[in-house]
Amino acid sequence: MHTSPPVTRVDDPLVRDVLRWYAANARDLPWRRAEASPWAVLVSEIMLQQTPVARVLPAYERWLRRWPAPADLAAEEPGEAVRAWDRLGYPRRALRLHAAARAMVAEHGGRVPDSYQALLALPGVGDYTAAAVASFAFRRRHVVLDTNVRRVLSRSLAGEARPAPAPTAAERRRAETLLPADGATAARWAVAAMEFGALVCTARTPGCDRCPVRRRCAWRAAGFPDDGGRRRTQRYDGTDRQARGRLLRVLREAPASVPGDALAAAWDDAGQRARALDGLVADGLVEPLAGDRYRLPR
DNA sequence: TATGCGTGGTC
DNA sequence: TGACCAAGCAT
């Protein structure tokens with residue numbers, strides 16, 4: 001690797017301690033290796049949206065072996081991306097990643113753009129992903145606010161068990177204040193804070209007894225207050241969401257098009273099945289053909 | 001701003 | 001056992 005060892009002085013003690021913790025405890029994940037391309041970083045970030053690392057790993061390896069550059073994916077039918085997405089969940093991500101690959105070919109010479117703004121303009125790339133790719137792949141200095149970072153800062157600095165449902169201006173200011181001056185150190189801080197939130201300062205059972213910043217943690221100092229303000233978790237069984245998943249699974253596992261009967265076998269309730277199918281078609285995940293047949297989009 | 005969007009593991 | 005949780009995005 002051509003980057004120099006960190007020489008930047010990190011003044012904030014939280015940042016310093018989390019960086020030190022990361023140096024000793026980071027997992028060896030493929031998208032963090034020096035040889036990971038910007039495309040690999042982007043693929044990993046999209047796959048990791050709401051999906052655990054353990055489930056992403058095999059899909060990530062297969063994906064990059066098959067499509068090592070944006071142009072390789074762009075040359076495929078969108079349905080192939082949906083099929084290769086397998087059961088990662090939220091298959092619209094696959095469609096958007098495919099659209100992003102085509103946009104990169106059309107507008108960026110087949111490369112992943114290196115600016116936050118250009119990244120943000122890609123389908124399926126929001127604030128978090130744009131900042132993460134700009135930071136991790138290009139060492140640009142950005143606040144990277146994912147759910148882990150937000151939880152770490154809420155606890156250690158604000159003394160609250162969990163952050164607000166959506167990032168607030170105050171949170172951004174807080175994060176900006178901590179951000180190291182140079183891009184490379186800022187990137188390392190971002191990934192370190194995320195890793196720390198994933199492995200120590202976790203949502204359910206935080207490892208406060210082995211936490212390197214516990215002496216300064218505002219949440220601990222306040223006695224671990226918990227207002228219990230959880231997000232309402234949605235039911236899944238019997239929902240349209242589940243129906244969509246079942247239908248799409250039939251389509252993914254079929255080599256070509258399938259008859260409506262095959263979909264009917266996957267979901268009993270005809271009204272709900274029709275609604276789910278309409279939704280899938282509207283999302284571009286399913287293509288209806290003549291004669292009551294369906295396939296993944298071409 | 002609230003809601004819809006998959007899937008499977010954990011406690 | 002059923003909530004809760006997992007590196008969000010789009011509308």
Side-chain angles (χ1 to χ4, degrees), chain A residues 22 26-27 29-32 36 40-60 82 85-97 99-100 119-137 142-152 161-169 187 189-199 201-206 226 228-252 266-267 275-276 278-280 282-286:
Chain A
Y22 183 72
R27 289 171 291 182
L29 299 173
W31 45 84
R32 290 183 186 160
V41 172
L42 175 62
V43 168
S44 77
E45 290 301 339
I46 301 289
M47 287 186 170
L48 286 164
Q49 291 169 2
Q50 304 286 284
T51 304
V53 167
R55 208 179 323 156
V56 164
L57 280 168
Y60 167 89
V82 175
W85 200 253
D86 196 33
R87 281 178 291 174
L88 286 182
Y90 295 141
R92 291 185 297 191
R93 289 183 292 169
L95 220 45
R96 290 175 182 147
L97 183 52
L119 285 160
L120 192 61
L122 295 173
V125 176
D127 169 71
Y128 162 75
T129 303
V133 173
S135 180
F136 302 155
H142 286 283
V143 167
V144 180
L145 268 191
D146 84 319
T147 187
N148 288 303
V149 176
R150 297 184 60 221
R151 187 175 55 250
V152 169
R162 60 190 127 255
T168 64
W189 152 244
V191 72
M194 289 168 64
E195 186 80 333
F196 182 67
L199 298 183
C201 196
T202 58
R204 218 165 337 191
T205 51
D226 186 346
R230 276 172 183 74
R231 305 278 282 139
R232 295 224 25 99
T233 60
Q234 256 191 315
R235 188 184 81 250
Y236 181 63
D237 282 356
T239 59
D240 286 7
R241 213 159 166 170
Q242 186 183 33
R244 287 168 56 108
R246 291 281 175 81
L247 299 183
L248 200 58
R249 179 170 186 165
V250 171
L251 277 281
R252 274 199 318 264
W267 197 264
R275 197 165 61 240
D278 281 352
L280 288 168
D283 286 346
L285 284 163
V286 172

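FYI, side chains are in, hydrogens and waters are out, and symmetry mates aren't considered; it's all heavy atoms of this structure. Proteins get letters first, then strands, A, B, ... in listed order; numbering begins at 1 in each.
Taking atom OH on A:Tyr236 and atom P on B:dT10, their separation rounds to 18 Å, with Å as the unit. In this structure, CG of A:Leu285 is placed 11 Å from P of B:dT7, rounded to the nearest angstrom. Rounded to whole angstrom, the span from the CD1 atom of A:Ile46 across to the C1' atom of B:dG6 amounts to 16 Å. At whole-Å resolution of the value, CG in A:Leu95 and P in B:dC5 are 15 Å apart. A straight line from CG of A:Asp283 to P of B:dC5 spans 8 Å, rounded to a whole angstrom. Rounding to whole angstrom units, CZ of residue A:Arg246 and P of B:dC5 are separated by 15 Å. Across the protein-nucleic acid pair, A:Leu248 atom CG and B:dG6 atom C1' stand 10 Å apart, rounded to whole Å. In this structure, CG of A:Leu280 is placed 13 Å from C1' of B:dG4, rounded to the nearest angstrom.
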Can you build the contact string for nucleotides 6-11 of chain C? Use B for base contact, S for sugar-phosphate-only contact, and - for no protein heavy atom under 4.0 Å. BBBSS-
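The same atom, C1', is picked in C:dG8 and in B:dT1; the two are 16 Å apart, to the nearest Å. Using C1' as the reference atom, C:dA7 and C:dT11 are 22 Å apart when rounded to the nearest Å. Between C:dA6 and B:dC5, the two C1' atoms lie 15 Å apart (nearest whole Å). Across C:dC4 and B:dG6, the matching C1' atoms stand 16 Å from one another, rounded to whole Å.
Contact check for A:Tyr90 versus A:Gln49: no side-chain heavy atoms found under the 4.5 Å cut-off. In this structure the side chain of A:Val53 reaches within 4.5 angstrom of the side chain of A:Leu29, judged on heavy atoms. Counting heavy atoms from C-beta outward, A:Arg87 and A:Arg55 have side chains that stay 4.5 Å or more apart. Between A:Tyr60 and A:Val43 there is a side-chain heavy-atom pair separated by less than 4.5 Å. A heavy-atom distance below 4.5 Å is found between the side chains of A:Leu57 and A:Trp31.
For A:Trp267, there are no ring pair (Phe, Tyr, Trp, His ring centres under 6.0 Å) partners two or more places apart in sequence or in a different chain.
Residue pairs that meet the salt bridge (Lys or Arg N to Asp or Glu O under 4.0 Å) test with at least one member in residues 236-248 of chain A, sequence neighbours left out, are A:Asp240-A:Arg275, A:Arg244-A:Asp283.
Between A:Arg93 and B:dC5 there is no side-chain polar atom (N or O) within less than 4.0 angstrom of OP1 or OP2. OP1 or OP2 of B:dT7 lies within a sub-4.0 Å distance of a side-chain N or O belonging to A:Arg252.
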